[in-house]
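The block underneath contains the structure these notes are about, expressed in C-alpha cells.
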Number of protein chains: 2
Amino acid sequence: MLQVKELPDAEVLKKFTKRYPDANIEQVLQFLTFLRVASDLSNSLDQFLGSYDLLQGRWWVLLLLMREDDFSSVPSTLAKQAGVSRATMTGLVNGLQRDGLVSRVTDSHDRRQSRVRVTAKGQSKLDEVMPDYYQRLNKLMSVFDKEQGEHFMTLLLALKSQRHIFE
Amino acid sequence: MLQVKELPDAEVLKKFTKRYPDANIEQVLQFLTFLRVASDLSNSLDQFLGSYDLLQGRWWVLLLLMREDDFSSVPSTLAKQAGVSRATMTGLVNGLQRDGLVSRVTDSHDRRQSRVRVTAKGQSKLDEVMPDYYQRLNKLMSVFDKEQGEHFMTLLLALKSQRHIFE
DNA sequence: TCATTATAGTTAGCTAGCTAACTAATTGCA
DNA sequence: TGCAATTAGTTAGCTAGCTAACTATAATGA
C-alpha cells in the first residue's frame, strides 16, 4: 500500500504541472491524502493487533470463522471471503495453526476439502482483542457526528463506483 | 492492507454485537468501507502501473527523483520521503537499476553515501505513464464536485488526526 | 588524538500478498 | 462406464514490506 510520507508541496506540484499539463493539483492531493490516511490507519490497526500477536490477515480469518455457527469453514471459502488467493489462505491457516488458534479437521465427505476450526484458544484470543478494538474504533469514529458519518459513506461509495477507471 | 470482500451482513453483526456489546454497527461499516475502498483503489492503481511494468514502490521512487533539480538523491533520504525502511529502499533501487530506470553513482564526498539518479529511460518511462495517470485520476475524482472534494478532504484530515487511537 | 557514537548501505530472515504449476479427488458428460 | 474438466489444497518462486545485525565511514568529545 502506498505510503508516501512527503506529499508534494506547491513548488513540486508546479514543476510537475509544467511537465505534465493534465495534472490537477487539488485532485492529486485528495487522492494521495485518501490513500495515505487509509494506509496510516491500516498500519495503526496492525500495530494494535500486533500487541495481541495478531495481524490483519490472521485476525480476519478468526473473525470469519467466528461468524459460523460451528466456528469452522473451509479454506477456499475463507479465501473468497477474505479476498485473498487460496495459496495465501494456506499460509495464514498454517500460521494460525502453529500458534494453536485454529485446527485443521480432515473429517469430510469431500476428501479434497479440509475444515478449519477456531480453537478455544482462538476464541479467547478474540474475546481479548475485540472489546478493546470496538472501544478504540468507537473513539476513532466519534470524530464524525451522525451526519458527517453518513456523508463520509456516501462519498466513499461514489469513489468506489469509479474504481474501474484505473483498470 | 485489509482486503475483506464480504463485509459483515446484518445477521452477523447482530451475532457479534451480542458477544461484544461495545460494537457499534454504523461505525464498523464506515471504518471497514473506508479501508476497503482505499485498498481496492490502491490495487487498481497497481494494476494500472503494472501495465507499464511499474508498481507503486518503484513509481514513487522515480517521482521522488524527478522532483530534484539534478534528478538524483541518496537512498536514505528517499527512504524517509517514501516512508519505507532503508532496507526496503535498497530493494526498490536494485529493481529499478536492474530495469535500467535508475543508476547508482558513487561520486560523493561522504563515502558512506551513494547517489541514485533517474536515467533517460526512467524519465521517458514516467513521461509515458504520467499523462495517462493524470487523465484517469481526473476522471476518477470528477465524481466529486468542488464542494464535495473539499468536504472529503476535511473528513479525511479529521480521521487522520485520530490515528493515534490504535497505537 | 583516538575511542565512542552515529550514520549509510547492505544482507539475512521474517510476514503476507501474488501467479503458476502440481496432486488428488470429484463431477459431468458422451 | 470411463475419460475430461473442474475443484481443493499445497508448493515454489516472485514482489514488497519489516527488523536486526553487519561493515564501512564520519563525527564527536574527553
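Given the structure is predicted, the values throughout are model-derived calculations rather than measurements. All values below come from the heavy atoms of this structure, side chains included, with hydrogens, waters and symmetry mates left out. Residue numbers begin at 1 in each chain, while the letters A, B, ... track the order of the sequences.
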Kindly write out the residues that satisfy side-chain hydrogen bond (donor to acceptor under 3.5 Å, both in side chains) with [X], not counting sequence neighbours, or none if the list is empty.
{"X": "A/D99", "answer": "A/R58"}
{"X": "B/Q47", "answer": "none"}
{"X": "B/Q148", "answer": "none"}
{"X": "A/T33", "answer": "none"}

Separation of [N] [atom2] from [X] [atom1] (nearest whole Å):
{"X": "B/R111", "N": "D/dT23", "atom1": "CZ", "atom2": "C1'", "answer": "14 Å"}
{"X": "B/L96", "N": "D/dA16", "atom1": "CG", "atom2": "P", "answer": "9 Å"}
{"X": "B/Q56", "N": "C/dC18", "atom1": "CD", "atom2": "P", "answer": "15 Å"}
{"X": "B/W59", "N": "D/dG17", "atom1": "CH2", "atom2": "P", "answer": "13 Å"}
{"X": "B/L49", "N": "D/dT15", "atom1": "CG", "atom2": "P", "answer": "16 Å"}
{"X": "B/L78", "N": "D/dG17", "atom1": "CG", "atom2": "P", "answer": "13 Å"}
{"X": "A/D46", "N": "C/dA16", "atom1": "CG", "atom2": "P", "answer": "8 Å"}
{"X": "A/H109", "N": "C/dA25", "atom1": "NE2", "atom2": "C1'", "answer": "12 Å"}

With sequence neighbours left out, which residue pairs that include part of residues 151-166 of chain B fulfil the side-chain hydrogen bond (donor to acceptor under 3.5 Å, both in side chains) condition?
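Only A/H151-B/H151 qualify under side-chain hydrogen bond (donor to acceptor under 3.5 Å, both in side chains).
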Under 4.0 Å from OP1 or OP2 of C/dC18: is there any side-chain N or O of A/S85 that close?
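Yes.
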Which nucleotide in the set D/dC18, C/dG17, C/dT15 lies at the smallest distance from any side-chain heavy atom of A/L92?
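Of the options given, the side chain of A/L92 lies nearest C/dG17.
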Determine, for B/E11 against B/K15, whether the closest basic-nitrogen to carboxylate-oxygen distance falls under 4.0 angstrom.
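Here B/E11 does not pair with B/K15 in a salt bridge, since their nearest N and O are not under 4.0 Å apart.
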Which protein N or O atoms sit under 3.5 Å from an N or O of nucleotides 8-13 of chain C?
| from | atom 1 | to | atom 2 | distance (Å) |
| --- | --- | --- | --- | --- |
| C/dG9 | OP1 | B/S114 | N | 3.1 |
| C/dG9 | OP1 | B/S114 | O | 3.3 |
| C/dG9 | OP2 | B/S76 | N | 2.7 |
| C/dG9 | OP2 | B/S76 | OG | 3.0 |
| C/dG9 | N7 | B/R86 | NE | 3.0 |
| C/dG9 | N7 | B/R86 | NH2 | 2.9 |
| C/dG9 | O6 | B/R86 | NH2 | 3.0 |
| C/dT10 | OP1 | B/R104 | NE | 3.3 |
| C/dT10 | OP1 | B/R104 | NH2 | 3.4 |
| C/dT10 | OP2 | B/T90 | OG1 | 3.0 |

